[in-house]
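Below is one structure, written out as structure tokens; the observations come after it.
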Amino acid sequence: MYGSNASNDGLEHVSHLNFGDPFRKHEMRCRFKQKPPWPWFAITTSIGVLVIALLVGHIFHATVNRIARVEDDCHKMMELKKQAETADVAKSQFLATVSHEIRTPMNGVLGMLDMLMDTVLDVTQLDYVRTAQASGKALVALINEVLDQAKIESGKLELEEVQFDLRAILDDVLSLFSGKSQDKGVELAVYISDRVPEMLIGDPGRFRQIITNLMGNSIKFTEKGHIIVTVHLVEEVIDSIEVETEYSSKNTLSGFPVADRRQSWKAFRTFGQEGSVHPSSDSINLIVSVEDTGEGIPPEAQPRVFTPFMQVGPSISRTHGGTGIGLSISKCLVGLMKGEIGFVSIPKVGSTFTFTAVFASGSSSPKEFKSQQINSQSNTVSSELHGMRALVMDPRPVRSKVSTYHIQRLGIHVEVVSHWKQGLSMNNVIHMVLIEQEVWDRDLNSLGLFINNLEKIGHGTPPKVFLFSNSINSSRGNTTTGSCDLTIISKPLRASMLAASLQRAMGIGNKGNPRNAELPSLSLRNLLLGRKILIVDDNNVNLKVAAGALRKYGADVISATRGIAAIELLTPPHQFDACFMDIQMPEMDGFEATRRIRNVEQNINNRIQFGELSIDACKNVLNWHVPILAMTADVIQATHEECLRCGMDGYVSKPFEAEQLYLEVSRFFQ
């Protein structure tokens, strides 16, 4: 019990013992034989509590720091947001300023060149002027493309909702490229399905821009063969097996092989089972294809076709020119129209670009949409063409289908034959025979016999004979074959041009129908002749150009260089029929001048209404409101909106041309 290995740790317990001995006292001392073990549980528990406390403290500290950093980041983001918004506003203002500063002198250059073309020039001088004018228009088009790309990147590009005639727009695009196609000998055509409505509601300008970009590329890279634009309803392509189900050289416009257009839309969600589009009753889902027989796109370059500022190769820009942003802009515009775009291309065969677009039906109430008047000369075709019968002689189904489409637009019944012998067996009365150039060149001798026997078809009266020609050299005037006058109609076919040619040859309607290019000029002269118009611009060159352009159409033009002078001249009563006002002017801009003019007019109208001012003193006008059209080189969307807010009635961008003037002025003048 008291061994030598007793521990000396000081831990000892003493117990007193009482054995009943009064002389001796006993006690018992107890201590540990060995040293006590370490209290590991207490130690680990204490350490664990300490670690947890440290972790909680660290988390709390980190949370506080994180909250502080988030608050700092939030403040920084707010500052960056303000800077970005400021930069975006500055960018828009920069684009507006640059656009104005570039387009303003270009307006003077193009306007003066246009006025110079109205003077007496020899052939060489006229060629120089036309070349300079074409270069200036190309520069303006480039500026517009760059501005469009900038607006797309900033999300500022918006689509209009106006009523428009799809067929008239495509006729205008055909007119734009007809010269180039005839120079190259490339056949250019448009076909629109009968199921596509006459009037649609959407953005005609942007739709025209997509078609122009696609057709411009096709014209650029096609040296032979054809370019055809087809428009169908998406449901028509999905449901009908008759729409381009066979692909062979015999079933194309020119006989050249083409890329299978069905491959251009195979990735569209519209044609997928899961993503099938079911448009509402008033929406029109169109599918548009632009097919060409050009050079095609190499496979290695196809993935970057829609990349901005990228071209197929470095030699393309040197050979054909261009910036490489047309297709990129087209893809963005198609997306805004709730559509898709794709393509198929085979080198040395050709390319086919296809896109879809959703429009509203033009049969909706006109009060819900603002209407845009499209200059469609086919609407003024003499009713004497309606009900006539025509015989089209063409062995190619696609080409005869296109010719039939354009002829039927004039109200003419069409019969199609592939050989001249079939034409002799016709029993119905035929008023006109339209022969394809290919048939004429191939069966020239046999067609002479056919022409001599035309009286059988006309039942005593020989029908008029027309030749569809794609060559610019053979489209001059008429050709006499035997006893028959052969009238040549140059392609591409458009309703206005076709109607004018048929009327002139058959001696009905307006025998002196002018060329298609002169129609807007005559229409403008009818609208502006004798009109008194005020032009307000601080730039003398712009004043001279605008005044010269309006005087050319018979208008009586008065010029002013300041907004204050415009207010004085337009204070009722006055004799002005319209006002073209520049926006960016010193002292008082066009917006403020228009607001003050509208306030003056409102004040006069109120005084007339309440009898404070006699009607005789105001030239018997009860409601004064002179049409004011903005005339500026600024093409930013915000400018359009500001023009409407301040009381302007329309917008004419510089440089303006006859068609643009007609579209705006025709809304006010009858």
Side-chain angles (χ1 to χ4, degrees), residues 141 144-145 147-149 151-152 156-177 188-193 195-219 227-234 236-237 264-265 268 270 277 279 282-291 306 325-343 352-364 369-376 378 492 494-495 635 637 640 651 653 659-660 663:
N144 291 336
E145 286 185 347
L147 289 173
D148 283 342
Q149 183 66 28
K151 286 189 284 186
I152 289 172
K156 295 290 184 66
L157 192 62
E158 299 178 357
L159 298 183
E160 292 182 327
E161 284 191 351
V162 298
Q163 197 174 41
F164 67 96
D165 186 347
L166 176 66
R167 289 164 176 80
I169 284 183
L170 288 178
D171 281 353
D172 292 342
V173 177
L174 281 181
S175 301
L176 181 64
F177 294 106
L188 192 61
V190 163
Y191 174 79
I192 303 178
S193 170
R195 294 178 58 181
V196 177
E198 289 287 340
M199 302 302 295
L200 299 174
I201 293 175
D203 194 328
R206 295 304 181 182
F207 182 80
R208 184 203 304 262
Q209 185 177 359
I210 297 173
I211 297 293
T212 302
N213 286 339
L214 296 180
M215 290 188 67
N217 287 338
S218 296
I219 287 287
I227 300 169
I228 181 172
V229 181
T230 59
V231 184
H232 295 88
L233 297 180
V234 169
E236 182 182 2
V237 176
S264 65
W265 65 59
F268 286 3
T270 307
V277 174
D282 62 340
S283 64
I284 306 299
N285 200 356
L286 298 184
I287 179 167
V288 185
S289 294
V290 180
E291 173 188 284
F306 295 109
I325 59 177
L327 288 178
S328 171
I329 293 173
S330 298
K331 184 177 181 180
C332 294
L333 294 177
V334 169
L336 291 175
M337 295 180 181
K338 302 178 183 178
E340 301 170 271
I341 188 170
F343 71 96
T352 299
F353 281 79
T354 301
F355 70 92
T356 60
V358 179
F359 297 98
S361 175
S363 60
S364 301
F369 299 92
K370 54 181 181 176
S371 176
Q372 172 173 316
Q373 180 179 2
I374 300 295
N375 184 19
S376 178
S378 61
R494 287 99 66 199
V635 294
Q637 179 66 25
H640 293 231
Y651 186 94
S653 62
E659 181 180 0
Q660 186 185 21
L663 290 176

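Because only heavy atoms are used, hydrogens play no part in the values below, and waters and symmetry mates are left out as well, while side chains stay in.
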Item to check | Heavy-atom side-chain contact between Arg494 and Asp172 under 4.5 Å | outcome: no
| message | If you define the side chain from C-beta out and look only at heavy atoms, does anything of Phe353 sit under 4.5 Å from Asn217? | response | no
Those residues at least two apart in sequence (or on a different chain) that pass ring pair (Phe, Tyr, Trp, His ring centres under 6.0 Å) with Phe207 are Phe359
Applying side-chain hydrogen bond (donor to acceptor under 3.5 Å, both in side chains) to Asn213 and not counting sequence neighbours gives Ser330
- prompt: Is there a side-chain contact between Met215 and Leu188, using heavy atoms and a 4.5 Å cut-off?
  reply: yes
Rounded to the nearest 0.5 angstrom, the CG-CG distance for Leu336 and Asp203 is 9.5 Å
I want to check something: taking the side chain as every heavy atom from C-beta on, are Ser193 and Leu233 in contact at a cut-off of under 4.5 Å? no
Minimum side-chain heavy-atom gap Met199-Asp165 below 4.5 Å: yes
Rounded to the nearest 0.5 Å, the NE2 atom of His232 sits from the CD1 atom of Ile287 at a distance of 9.0 Å
Sequence neighbours excluded, the answer for side-chain hydrogen bond (donor to acceptor under 3.5 Å, both in side chains) partners of Thr352 is none
Arg167 meets the side-chain hydrogen bond (donor to acceptor under 3.5 Å, both in side chains) criterion, sequence neighbours left out, with none
Side chain proximity check, Met337 to Leu159, heavy atoms < 4.5 angstrom: yes
Quiz item: Is there side-chain contact between Glu340 and Trp265, with at least one heavy-atom pair below 4.5 Å?
Solution: no
(request) In sequence, state the C-alpha distance, the side-chain angles, and the governing distance for Val229 and Ile192, and then conclude on side chain to side chain contact (heavy atoms under 4.5 Å, CB included). (result) CA-CA 8 Å; Val229 181; Ile192 303 178; over 6 Å; no
Heavy-atom closest pair (Ser283 atom, Val358 atom, distance to 0.1 Å) is CB-CG1, 4.1 Å
CG of Leu170 to OG of Ser175, rounded to nearest 0.5 Å, is 11.0 Å
All heavy atoms of Val196 vs all of Val231, minimum pair found to be CG2-O, 4.0 Å
CD1 of Ile210 to CG of Leu333, rounded to nearest 0.5 Å, is 5.0 Å
CG (Leu286) and CD (Glu236) are apart, to the nearest 0.5 Å, by 10.0 Å
| query | Is any side-chain heavy atom of Phe268 less than 4.5 Å from a side-chain heavy atom of Val234? | reply | no
For Thr354 and Ser289, the nearest pair of non-hydrogen atoms, with its separation, is OG1-OG, 2.9 Å
Interatomic distance, CG@Leu214 vs CD1@Ile219, rounded to 0.5 Å, equals 12.5 Å
Residue set satisfying side chain to side chain contact (heavy atoms under 4.5 Å, CB included) with Thr212, at least two apart, ordered chain then number -> Val173, Leu176, Phe177, Arg208
